[in-house]
Structure formats: C-alpha cells, structure tokens
Amino acid sequence: MEISSKYNPTEIENKWYQYWLTNKYFSSKPDHRIPYTVVIPPPNVTGVLHMGHMLNNTIQDVLVRRARMMGMNACWVPGTDHASIATEAKVVNLLASQGIKKSDLSREDFLKHAWEWKEKYGGIILEQLKKLGASCDWDRTRFTMEPKLSDAVIEVFVDLYQKGLVYRGTRMVNWDPQGKTTLSDEEVKFKEVKDSLYYIKYQGVDFDGHLEIATARPETIAGDVAVCVNPNDDRYKHLLGKKVRVPLINREVEIIADDYIDIEFGTGVLKVTPAHDIHDYEIGLKFNLPVIDTLNDDGTISEQGVLFVGQDRFVARKAWVSDLKEHDLLIKVEDYVHNVGFSERTDAVVEPKISTQWFLDMKKFMEKNPKVLSAVMDDEIKFYPEKLKNTYKHWIENIRDWNISRQLWWGHRIPAFYDESGDFVVAQTAEKAIVEFAKKGKSLNLTQIKQDDDVLDTWFSSWLWPISVFDGFESKEELNYYYPTNDLVTAPEIMFFWVARMIMAGYEYTGEKPFKNVYYTGIVRDKQRRKMSKSLGNSPDPLDLIAQYGADAVRLGMLLCAPAGNDILFDESQIEQGRNFCNKIWNAYRLYHQWEPLKDVEIRTYELEAIEWFENRLNRTLLENEEHFAQFRLSDALMNLYKLIWDDFCAVYLEAVKPHYGESITMEAKEATKLFFAQLMKAIHPYMPFISEEIYHSLFEGSIESPCVVSEYPIANKEKAFAMELPMQLVSEVRNIRAQKQISPKEKLYAWMENAESELVDFSSMISKLSNVEFQPNQRISNSNQTMFLINKSEIWLELNLEIDVEAEKNKIQEEITYLEGFWKATNSKLSNEKFVANAKPEIVEKERQKLNDAETKLQNLRVQLSNLS
RNA sequence: GGGAGCUUAGCUCAGUUGGUUCAGAGCAUCUGCCUUACAAGCAGAGGGUCACAGGUUCGAAUCCUGUAGCUCCCA
C-alpha cells in the first residue's frame, strides 16, 4: 500500500489516545511495583489551555511516560481547583449579563448558579490536555471542592485552630475593591506606576503659616488624623505638639514625631491616615490615634470621607485636586514613579484596609515544622534549578501570617460559628458547634448561631492536594503507597502560593515531604520577550497549533529549548521544526517499509558494519541520556535523541544499509533495522507519544506483545557505547573534497589508508558505501594525482581523476604542520613546566603526554609527505 | 529601598569538582544539489577577545574583587 510522503497527525492521534484509554494504560492501582507519582498542578476551573499549561504538562507527561516504561507504577493524578475569586467573578458577570445581581440572591441560590457554571465549563481544560496526549489516570480526576476534599479542608482548619495556629484578628489587610474581598500578601502584585505627587498646604492652627505635605493620594486626606515629622528634622522641631488644619475638612490634627519618617522624601512631613496605609496604621497604634475609614468596600468614598461621597476613589482624587487648587491649597504637582499593588486575580488597585480576618500564624507553624526550610536547603526536596532555593529561603525567613479568609461565597465556608454576642467557636458542623458552645456554658440551638460568611483562600485547599487526592485525611491506604510523590512540575511564580505551602502541609499532616523533586518551568514568552497572555493577544491558541502541526510537533517545539527555570521564547518555527522531525521519522519508515528483503542471502559486510556502528551510537546516546534524565535535563536528552534519529539513523545508518540501485537488502539487515527503529521509537515515545506508537505498531504489523506506551524503555549497553566518530569524519572529508573539486558523488574514487587505526579499517565497507570510495588493499603506488589528508593519526590517500596542484597540496600540508608545531610547542612547554607536572592530577599530565605523542606522529607523517611532494 | 541571579556565534541556549571530547549544539545565514524515503529534503561552509577591568593559579568561560547592562523576588 502506498504511504503518503507527508505525515498526517490528526487521525493517528485520536486513534491512539482512544486506544490507550480503552486499554487503561494510564490507570494506576497500588501493587508490588515501585510507585512513580505526580500530582498535576490543578488548573483553575475557569481556565482554558494556554501555552504555559502546554509546557508544564508536556514536561510532566515526558516524566510520567518514561517512568511507566521504566517499569514503575506511574500515577499522574489530574484535577482542577475551584479558584474562589476568579470563578466567583465569572459567575457574577454571567449573572449580570442576565440582569441578575449577586446581592439579590441568597448564598444558596448563588452557589447553585456557580455549580452549574462549574459543571458546564469546569472540565474544558482537562479535555484539552487529552489532545496534548497527557497520560493522566483520568479515573482519579479530583476537584478541590468535591465533598471528600472539602471535608479535608474543614478538618484541617479546625485542627489548626485547636492547635492554636489559626487565629482571628484585626489587621491591616489587602483589599480588592473589585473582587470585594481581602487577599493574602502573595496575591498582591506590585507594579511600577507613573503617578503624580501633590504638594498640599496644611494651615497652622496655633502657629502662623502652614506645613507643606507631599502625597500621591489626596483622596485619603479626609482620613488624616495627624501629621508626622522626623524627630531629628530641624525644620520642624519647633512645631511639635502644635496643630494644623486638614485641608477642606478643617479637622484640627496634631504634629507628632516618629523615626519612620524619611527626612529626604517630599517635604519630610507625612500625613497620617491609619485606615489606608500600613505604616500610618502602625504610627496610629503607637500614638493611639483614631481610625477614620473613608472608603467603602467597592472603592468608593464612604460617608466618613465627607467630600465626594459615593464617587470612585480615582474620580474623587481628581475632584480633590481641583478643589484644593481652587482653594489655593495646592502648591505644586510633580511626576512620581512608585510601586502600586494590584490584585493578582482582578488587577484592581489594592487598598490597605483594616479588617477582622482569619490568619495562620506562620512563625509558630515554622517553629513546629523546621523541616519546611531545612528539607529544601539540604536537598531532601530538590529544586531544579537549584538557584531557586535562595528565593525560597528568603521568603520562609521573612514569612508573615497568612490571611486565609476571603469575603466570597464560592469556596469552603469557614467553620466558625457565632452567637448573638459575637462570641464564636470553631467546629466542623453547626451541630458540633452547639456542643462547643455548651462546653463554654452556653446553651444554644441551631437558630441561635450563625456560621461565618467568609470562605477560605483557595490555596488553603490546594496545599493539601498531594495528600487529599489520595484521600489521605481519611485513610492511609493509598497514601502509604503513593506518597511522597516523586516530581512536581510548576512555575516559579507559584513557589510561595503553593509549593511552600504543600511542603508545610506535608510535614504537619504526614510528617513527610510531599514530593522529592520540584521542577520549575519558565514562562512562555513571545519573541519580544513579552509574557504570552490573552490580554496582549500574543499567544497562539494551543489547540489550533495542535490541529495544524500535530501534538507531537507542538510538544517537541516546546521542549527543544526549555531548560529548567529558563523562560522559553516561543516561536512557531520551533513547532515547524517539530513537524519536520515527525515527517523525517515518517519517511524513514516509508523507506524501511518499501524494502523487500532477500531471503537466504548472507548479510553483507557494509550492512554488518553499519549495524555495529549504529548500535554503538544508540547505546552511547542512551547512556548520556540516563545522566540527562537524572538531572532533569529534558531538552538535552531530547536534542540527543533528535540528532541520533536524524543524523545517525537517517543520514548515516539508513543510507549505509540502503541497497544499491536494483539490489535488495538482506533479511538479516532489515530485521536489525526493525529492531533499531523500534528502540528509537521507544526512546522518543515520552516526547512524541503518537507517532512513536503508530510506527512501533506498524513495524511489528500488529504482532507485538505490548504497545509502545507500556513497552520497556531501552537501557544502554555500556559495553557497546563507543563514540565511533572517525568513520564519518572520513566520509565527510571525502564529500568535502568532492564539493571543492566539483567531483560528482556518483563518480567512484580510489583510496588507500596508511597507518590506519582500527576504527577506520573495521568500518571501511560502510565508509566506502557512504563516500563512494573504493579502498585499495594493495600498497599505494605513488603518482601525481593523489591527495592526502589525516583522520586523527591515519593517513588517507585519495586518487583523483584530475591534475593535482602540487603547490596547493604543499601549502595545505604546510599549514597543518604549522598548526601542529604550535600545538606541540604549547603542550611541550606545559610538560616542561615543573609546577604543572607537580601540581596537576596525574591523569591530566598523562593526557598531555599522549597529546604530545600524537602530535609528533602526525608531524612526522606530514613532513614525509611534504618532502615527497618536493 | 533590601535580596537573588544573569551576560558565551545573528537568535535561543549547553558548558558538571579550574586542565584539547574547551570554545560547543540547535535554529538562522551562505554555497552546491529536485541523488530511485523525505525540498517539511540532501551535501558542505562561514561565524564568538566567553559583558568589561583587575586579581588568584603552572593553567581561568569556569574561582575572587570591582564596573556596566539586564532579569526576577521581596517591602
């Protein structure tokens, strides 16, 4: 049957993915084998597949598929997280488009809508991962808000509360006015913003004149309760204790002094607004100042803000400025660049706000679990790349309490129950809460208590993921087998949100690390180094790419250049390279397939040599790759296989065993080729699962014991892993001479080897086949149209059917002699240096001696040739 | 403002404890080829003062110090 000269991935991919699923090759159950476990970083249910997911999941799939082929019980657990704030925003928007306001709905009704939304859209991303070829055990798909996982979250909250690690407290927190919720410190992203710095007059009350104050946020003036200077600032010492009038508001406030104030900044005077700035808040606490909150939860000015009530904070800012100007209280405006916090989910400018929230006491937690830091520092949990250990250490050592409550409905509702007086207990259920109240001497019924309205931070459920996906809070059965997991693949930006916290939960709840290795991927960027994002519109749709080039091509394109921790600069040309590689493999198969082998004909010398040669190349690559894989150098391993297949297998081996025109390959050689091809497909399978499975099956025409996906990964035979570089060096040199002298590859040339090394002699038939050169067994008869070159120490004489330019030959040889003389001199001076011989390692000195000897041999030969030519 | 890291070919990157497998790979470029699997291909070639300046050493891309530029994290 005729096979197309172009590889068509679509049909093949669907066929094999279905085949793998049907035969349950991805499913895992505990058994006698060594487990190899990976938990997926749960994508957010609102997400659709983007390039970052592609990279991340391709890497995981490579690791998992290889482990499976290495005979381990590979278990890759998929799932999604509920993404409180993002999902709630989506649902609110969807309802708004239907004319429904969240505030008109009860909590229960809203959640009903949210679950509907989740059922409809929440699984999309997992379906997309299948297109990529992800070999997850889909029967194990989990969701952070499903009942069992929710129970675990509540359990943990109650437990940590009872241990005194979770507490309720009033603090300055990050407020997202768009999401209308607090955020943890990690959810605030600082960005440099060009703003204005306004210099404003605060009139003296009990002194003449005024103070000049610089602020970027005039809309908060209504919350001013003092002005503050540095106690060492001579400009203002005489004014301490006196009063100024807050502009437009006319509140009288005192001038106080504190070391915190930077004399250099602005005018050296700070307006103190405890409700809206963390530092001001601390000064407020110190001086016992009142707190005037001038903002509503949605970022508009509150009643206490007096002016522009109900206006958005940024509108109010402009209004304040123009009013100040009108009253001649604005002195000047300067350009001002500073860092402003934005909500990681909604991108709204975050407001510092005083609020009562639930916190996890991190200092106490770390004292209880010192392994969280030491395990990483001591490489018990290994980070790839290692340099990220520093970042981790820095964060842990400066850790602050974790704000775990969110003013949202979609999520795990905080299991705290309040009575009418505001007194509260923490318990798994309302019924248990009644019991808790009873212990406090309060006899209440269910209608007299009310559960906390807030939910928990999504990461407060994700941090349990490696334990909870195995139902580890319920039974140890699967946990004992699969945990700790092997490798975690994630982005460095998730290190604090998730990686660190999983390590915390791991030690607190299992006394064990959650994983052995953490592989940090980079960020996928475009050629201009911009992060690929939907808003920039610079990201191709991964599914379109798969449709156009095939999943294998996309996977290869992503991984060809993606060292751990490095950003990858994505370019469609890389995917093209992947597609071309698929096509190369495809055509290699076509060639193999069309060979009609000769039975009962003894294998030819050039075939035998080619087989011997490739066997060594194959084993050498496999050997090198074992090291690459051990170090998570997936790109290097891939490049090695790429070159092995393209250069060694296709360009050399197949050309070498390919029969001469009109002849046929021998049965034995075709059989050897089949086995090589199968080995190659197995070796590349983790990277390119589809095409490898297709060809693997075709090679054996359905008569195979197991499909590629669960076949044995090839192991290097160390005895047959020589570099074997000399034969091809010789071939290249001949081709080069042909190119230079414009001699057609079809013209047969005659050659002699003198002082030849065995690596050339042993492969002379193969060399002969590839270079169309016939080696003469007899002694060389010197004549004028011969040219000589060296391959390592061996002399190769090539007879050409054209007059040799003797002068040019002499020059060529002279050039080489000059180079070698320089080399000899350098090496010799090294060896005659007593300090070198004394200090360098013996094997290094020996190596140098060897080099010197080799150079001498070569020089001797060349000098003889030169004199022969003269 | 505090901390960490990076700088090697036109581009993206390797370069393990200092020592000719130390100056490499892929892509791109250039030259010649529609050679009976593949032009999504074949055969060749060119290209780097290893950011800069010092130092340590018999020997430095590799270790140390400083300078410049870039990146990330934290406040």
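Each chain gets a letter, A, B and so on, in the order the sequences are listed, and its residues count up from 1.
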Practice task
Kindly say if A:W646 contacts the phosphate of B:rC27, meaning a side-chain N or O under 4.0 Å from OP1 or OP2.
Solution key: no

Exercise for the section: Identify the nucleotide, in any strand shown, that forms a Watson-Crick or G-U wobble pair with B:rA4, with both distances under 3.5 Å; if there is none, say none. Expected result: B:rU71

Practice task
Anything under 30° is parallel, anything over 60° is perpendicular, the rest tilted; go ahead and classify A:Y384 against A:F632.
Solution key: tilted

Handout entry: Short side-chain N/O contact from A:K393 to OP1 or OP2 of B:rA4, under 4.0 Å
Key = no

Fill in the blank from the handout: Rounded to whole Å, NE2 of A:H338 lies from C1' of B:rG1 at a distance of 15 Å

Handout entry: Phosphate OP1/OP2 of B:rG41: any A:N580 side-chain N/O under 4.0 Å
Key = yes

Exercise for the section: Answer yes if the ring centres of A:F649 and A:F676 are under 6.0 angstrom apart, and no otherwise. Expected result: no

Practice task
Could you tell me which nucleotide pairs with B:rC63 by Watson-Crick or G-U wobble geometry, both distances under 3.5 Å, or answer none if nothing does?
Solution key: B:rG55

Problem - Side-chain donor/acceptor of A:R735 to base of B:rA43, under 3.5 Å - result: no

Practice task
Find the distance A:F570:CZ to B:rC13:P and express it as a whole number of Å.
Solution key: 15 Å

Exercise for the section: Taking only the side-chain nitrogens and oxygens of A:S732, find out if one of them lies under 4.0 Å from OP1 or OP2 of B:rG44. Expected result: yes

Practice task
Please check the phosphate of B:rA37 (OP1 and OP2 only) for any side-chain N or O of A:K658 closer than 4.0 Å.
Solution key: yes

Practice task
Using heavy atoms to find the nearest nucleotide of RNA chain B for A:Q594 and A:V188 separately, return the residue whose nucleotide is more 5′.
Solution key: A:Q594

Exercise for the section: Measure from NZ on A:K847 to C1' on B:rC22 and round the result to the nearest Å. Expected result: 11 Å

Fill in the blank from the handout: Testing B:rG26, B:rU20, B:rA75 for proximity to the side chain of A:D185, the answer is B:rA75

Practice task
Ignoring backbone atoms, establish whether A:Y642 has a side-chain N or O less than 4.0 Å from OP1 or OP2 of B:rC27.
Solution key: yes

Practice task
Report the nucleotide, chosen from B:rG5, B:rA37, B:rA75, that has the shortest atom-to-atom distance to any side-chain atom of A:N390.
Solution key: B:rG5

Handout entry: Donor-acceptor side-chain pairing of A:N792 and A:E757 below 3.5 angstrom
Key = yes

Exercise for the section: Round to a whole Å and report the spacing from CD of A:Q740 to C1' of B:rG32. Expected result: 13 Å

Exercise for the section: Check every atom of B:rU35, B:rA40, B:rC74 against the side chain of A:H394 and return the nucleotide holding the closest atom. Expected result: B:rC74

Practice task
Determine which nucleotide pairs with B:rA9, using a 3.5 Å limit on both distances of a Watson-Crick or G-U wobble pair.
Solution key: none

Completion exercise
Rounded to whole Å, NZ of A:K189 lies from P of B:rC72 at a distance of 12 Å

Fill in the blank from the handout: Here the distance between atom P of B:rC27 and atom CZ of A:F581, to the nearest Å, is 11 Å

